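Count residues from 1 along the sequence. Computed from heavy atoms alone, side chains included, the values below leave out hydrogens, waters and symmetry copies. For clarity, every value in this text was computed on a predicted model and none was experimentally measured.
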Amino acid sequence: MNKTEIKALISLLDDGDYEVASHVEQKIVSLGEGIIPFLEEEWEETLNPDLQKKIEDLIHNLQFDGLTRRLQEWQQEGGQDLLKGMWLVNSYLYPDVEYSAITQAVDQLYFDAWTHMKSEMHPYDQVKSLNNVLFREKRFSANTKNFHSPANSMLHLVLETKRGNPLTLCVIYMIIAKRLDMPVYGVNLPNLFILTYKLDGIQFYINVYNKGLILSKADIDNYILQLNLNPIDIFYEPCSNLDIIKRALRNLAFAFEKMDDLDKATEVTKLLAAITDEPGV
């Protein structure tokens, strides 16, 4: 369809005949996200609040369907790019934030950390050096005042405000660490996401939410004991990027539940279900 035909189609959204308007909506949805700029143009030009609301809903549904598809593609490709996965989560609330904007911010953090690294550094010293850059120089820290805010799951906001939850802070830390050739991975602890440094018989843990505090296995043992849980491998060993994105979506859904925004909580749960093979998520 050319531009004139698309604009003519969109103008029929306001048709008084319900069947006509419904058919037009279905046709617009079938055209996919490419029609969004035309819908936005119509929204700006009309003074009809009912039509504006209908257009807003259509744009949201098109963006949501596109995001669902991209998340599934990311999973099917192996979920190798963690930063891209977090950007996709970010796209739920901020579809206009470009991937390049996030990569540029991470690139700068990596460069700043790289300038402090020296060859043959001991693993503890590598961690302390990265801690110094992120938590002293750049002043990243835990968002304890608004722990359940959805903003804590939005990577571009965490990079801007330097405040986040355990998962988003760990993701930033881990991505930079891996680019520095540090063997750092995520660990799915209950109620707290942490990192582990694991290579050639050396393994310890990093609590990024507490400014990169280094922990031993005994510390993890004690933490699990305090929660009255049985120690299982998942609490000690690296998890996959897919596990991290699923946890990010669970965090976001829970944040919306805490705000009593059940519509958004339901939508995010649908995104989670789209990349979860097990029934019932």
Item to check | Criterion side-chain contact (heavy atoms from CB on, under 4.5 Å) on V208 and L134, from CA distance to verdict | outcome: CA-CA 10 Å; V208 176; L134 289 180; over 6 Å; no
Next on the checklist: D243 vs N188, test: side chain to side chain donor-acceptor pair (under 3.5 Å). Steps then yes/no.
Outcome noted: CA-CA 8 Å; D243 289 330; N188 249 329; 4.7 Å; no
Item to check | Verdict with supporting geometry, Y92 and L249, side-chain contact (heavy atoms from CB on, under 4.5 Å) | outcome: CA-CA 10 Å; Y92 173 69; L249 288 170; over 6 Å; no
Please tell me if the side chains of [X] and [Y] come closer than 4.5 Å, counting only heavy atoms from C-beta onward.
X    : Y    : value
R163 : K145 : no
V106 : I172 : no
L271 : L252 : no
I245 : Q75  : no
N152 : N251 : no
K54  : N48  : no

Take atom [atom1] of [X] as the centre, draw a 6.0 Å sphere, and report whether it contains more than 12 heavy atoms from other residues, nucleotides or ligands.
X    : atom1 : value
E137 : CD    : yes
E45  : CD    : yes
K162 : NZ    : yes
K211 : NZ    : no

Item to check | Polar contact flag, side-chain donor to acceptor under 3.5 angstrom, D112-Q108 | outcome: yes
Item to check | Check: D263/T266 side-chain N/O donor and acceptor closer than 3.5 Å | outcome: no
Distance check, rounded to the nearest 0.5 Å: [X] atom [atom1] versus [Y] atom [atom2]?
X    : Y    : atom1 : atom2 : value
R179 : L109 : CZ    : CG    : 10.0 Å
H156 : M86  : NE2   : CE    : 12.0 Å
N165 : N146 : CG    : CG    : 12.0 Å
Q63  : L58  : CD    : CG    : 11.0 Å
Y209 : C170 : OH    : SG    : 11.0 Å
L71  : L88  : CG    : CG    : 5.0 Å

Next on the checklist: side-chain contact (heavy atoms from CB on, under 4.5 Å), that's the test. Do S153 and L167 meet it? Break it down for me.
Outcome noted: CA-CA 8 Å; S153 295; L167 186 77; over 6 Å; no
So, does [X] use its side chain to make a donor-acceptor pair with the main chain of [Y] at under 3.5 Å?
X    : Y    : value
D261 : F256 : no
T276 : L272 : yes
N222 : D219 : no

Next on the checklist: For W87 and W74: C-alpha separation, side-chain torsions, deciding distance, then whether side-chain contact (heavy atoms from CB on, under 4.5 Å) applies.
Outcome noted: CA-CA 11 Å; W87 167 68; W74 177 85; over 6 Å; no
Checklist entry - Do you know which of M182, M121, H122 makes side chain to side chain contact (heavy atoms under 4.5 Å, CB included) with V127? => result M182
Item to check | N-O pairing of K217 and D221 below 4.0 Å | outcome: yes
Next on the checklist: So that I can tick it off, tell me whether R69 and D65 are bridged by a salt bridge, with the cut-off set at under 4.0 angstrom between side-chain N and carboxylate O.
Outcome noted: no
Next on the checklist: If you apply the rule side chain to side chain donor-acceptor pair (under 3.5 Å), what do you find for N132 with S129, and how did you get there?
Outcome noted: CA-CA 5 Å; N132 185 63; S129 177; over 6 Å; no
Checklist outcome for this item: Sequence neighbours excluded, the answer for side chain to side chain donor-acceptor pair (under 3.5 Å) partners of Q203 is T196, Y205
Next on the checklist: Would you say the ring centers of Y223 and F235 fall short of 6.0 Å from each other?
Outcome noted: no
